[in-house]
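Within every chain, numbering begins at 1; the chains are lettered A, B, ... in the order of the sequence lines, protein sequences first and strands thereafter.
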Amino acid sequence: MYAVFRKELADHFNSKRFTILFLLTFLAGIFAVYIATQNIRSEVTFGTECIFLKLFTTTGKSLPPFLFFISLFIPLIGIALGFDAINSERASGNLSRLLSQPIYRDSVINGKFLAGLSVLGIMVISVIAIVAGLGLYIIGVPPSSEEVMRLIVFVVISIVYGAFWMALSIVFSVFFNRASTSMLASIGLWIFFFFFMPMISGAIANARVPIDSNSSATLIANHYEVQGMISRISPRTLYEESTAVLLIPELGSLNPALMAISLTSAGRMLTPLPFSQSLLLTWPQAVGIIALAAICFAVAYLGFMRQEIRST
Amino acid sequence: MGQVVVETRNLTKTYKGFTAVDGLNLNIGEGEVFGFLGPNGAGKTTTILMLLGLTEPTSGTVSVCGYNPTRDPVQVKRIVGYLPERVGFYGDLTARQNLRYTTELNNLPRKEAEGKINSLLATVGLSKVADQNVAEFSQGMKQRLGIADILVKEPKLAFLDEPTSGIDPKGIGEILNVIVKMAKKNMTVIFCSHQLDQVQRICTRVGILAKGHLVAEGPIDRLGREAVGGEQYRIEVQVAQPAPALVELIKQTEGVINVTGSADSLLITCNRDLRPQISKTIVDSGSSLVGMKIEEYNLEEIYKKYYRRS
């Protein structure tokens, strides 16, 4: 399997795809942090704790924070690494030849997945590290150990989130013969989760718990609860919730109603949570993402192992 | 003929109501060049996939060099090479890098592998383009690289699925030469094709597959006699100054069934190869033997006959 892994890794690093993606993510990240450093002074009016983390979550006047860019780009990186994993081998006539060598069939898919995971990990870690370094240089405030730990867990969860998208696109590459179809399917799902899911969850919540300006507080809370529950079907929500809790220590609860309150400036007065408490809070979301990634990989694995390999 | 390299008994493969291979019984020995003939869709590729362990048979047994390909696929793949139809390589790697990848997958030590790669590239005539990207290769060059790819692991048995499809006549000749060289080194070659003239050129034995059934199998001349010759030997003879009773004398030779034709050009049908006896009879009778030929069967006739029959 290591021969497959090495070759796939070399292929990834030599491909133009990797270079483009890396540059894109890198530039987006630097840009976002730069904007954040300009605006961080106005944000830090109460409390001087966890300033470093604010680098990642502060917004400019009209621009979204670094967190938004990363949650946008990581699925794309995952998809780009996996969408033609198996069907490119089939299309180029390599799969029969590869499987006639004395290797176990699962070495192929395992090697490809591991290579993709390594590249994903390297990209995510390097982007976050460079951005953090740049931020550190500009604002001159070093992170505390708790902030560093939060950042590390953030990196890990980001990699797992990317791995989920990569596993999903590998599933499509196993079952679809053409790389373009699997790419479209993956991007279609991404668009669905990114744009349509919030609308759908809002619509369902409106249907079940309709509210207007005269509704009581409990009704409003119910409404947001339902909306939150439905939106948790989307892995993007899971990712955003878990990283929000990690990077915004003041966020004390994932109850959507309370979240909506606490994210306004009045809410920012709350005392920040210690690291272990934030971790506990984010644990269900993290497990959800890990489970999704594992299930996708299992589907891809089983599908590949049971397929019949024909060269024509 | 040494030991049996491929043995199948009653091998069957069905796909949702469609029988691709039905009760196949094969027996191929070491060093043979076995031609596997059949029209498209006859089940040749499916049989090869089952022999390699890439597909599971529905019923029947199969053994390759003593191993069961479904249970020990890795063992089988160590000693078997497969050249699929329209083989593909990694286009952005060079020929040498592609072969190197294969040697890594076969756990060959680096130095030894480099030497083998160089000599094989020379054998298949690709030394000059060894460091060019395969994306620039023609199909013929890719097929030759495919043969080098098989030989790099020195297999005992090689499956070549239509190795000459899409190649110009000169390229075909080169590839067939390489295959004959392989067989001379005691490698068994199973050569799938529907190019009858090529099969006729290099194969020692032939199996004809139609709609999943092995309708005929054996050396080409025997098959020809069974299919076209009515299991009889036909000998053509040209005679100068034929003696008057020549035809009668030949008819009386033991084993001769019939003699037809005019006085100086006779067609003799007999139940075995009687060329020595017939030539002696002719010379003894005082006639001059000008030419003698035993009928050879064109594989195309044999093929048509069996194909029509099925």
Inset, instruction - With side-chain contact (heavy atoms from CB on, under 4.5 Å) as the test, would you mind laying out the steps for A:N94 and B:Y101 before giving the verdict? - result: CA-CA 12 Å; A:N94 272 304; B:Y101 185 43; over 6 Å; no
Inset, instruction - Taking A:R97 for its side chain and B:V87 for its backbone only, find out whether a donor-acceptor pair lies under 3.5 Å. - result: no
Legend entry - Side chain / backbone / both / neither for B:V80 at chain A, heavy atoms under 4.5 Å: backbone
Inset, instruction - Find the distance between OG (A:S96) and CG (B:L49) and round it off to the nearest 0.5 Å. - result: 7.5 Å
Inset, instruction - Sort out for me which of B:N106, B:T102, B:N107, B:L54 touches chain A most, counting heavy-atom pairs under 4.5 Å. - result: B:N106
Inset, instruction - Could you tell me whether A:Y104 atom OH has more than 12 heavy atoms of other residues or ligands within 6.0 Å of it? - result: no
Legend entry - NZ/B:K116: more than 12 non-hydrogen atoms of other groups inside 6.0 Å: yes
Legend entry - Nearest heavy atoms of B:K77 and A:I103, plus distance in Å: NZ-O, 4.4 Å
Inset, instruction - Drop me the distance from B:D92's CG to A:S15's OG, to the nearest 0.5 angstrom. - result: 9.0 Å
Inset, instruction - Can you establish whether the number of heavy atoms outside A:Q307 located under 6.0 Å from its atom CD is more than 12? - result: yes
Legend entry - Test: B:E104 and A:K7 ion pair at under 4.0 Å: no
Legend entry - Residue part contacting chain A, namely of B:K153, when any heavy atom lies under 4.5 Å: side chain
Inset, instruction - Determine the option with the most heavy-atom pairs under 4.5 angstrom with chain B, choosing from A:S107, A:S100, A:A3. - result: A:S100
Inset, instruction - Evaluate whether atom CZ of A:F194 has more than 12 neighbouring non-hydrogen atoms of other residues, nucleotides or ligands under 6.0 angstrom away. - result: yes
Inset, instruction - Could you please state which residues from residues 158-175 of chain A sit under 4.5 angstrom from chain B, measuring non-hydrogen atom to non-hydrogen atom, sorted by number, or 'none'? - result: none
Inset, instruction - Any chance you could lay out the side-chain contact (heavy atoms from CB on, under 4.5 Å) test for B:D149 and A:Q101, step after step, and finish with the verdict? - result: CA-CA 10 Å; B:D149 194 60; A:Q101 308 301 336; 3.9 Å; yes
Inset, instruction - Go through the side-chain N and O atoms of B:Y90 and A:E89 and say whether any donor and acceptor fall under 3.5 Å apart. - result: yes
Inset, instruction - Identify which of A:L95, A:L99, A:N14 forms the greatest number of heavy-atom pairs closer than 4.5 Å to chain B. - result: A:L99
Legend entry - Residue part contacting chain A, namely of B:L93, when any heavy atom lies under 4.5 Å: side chain
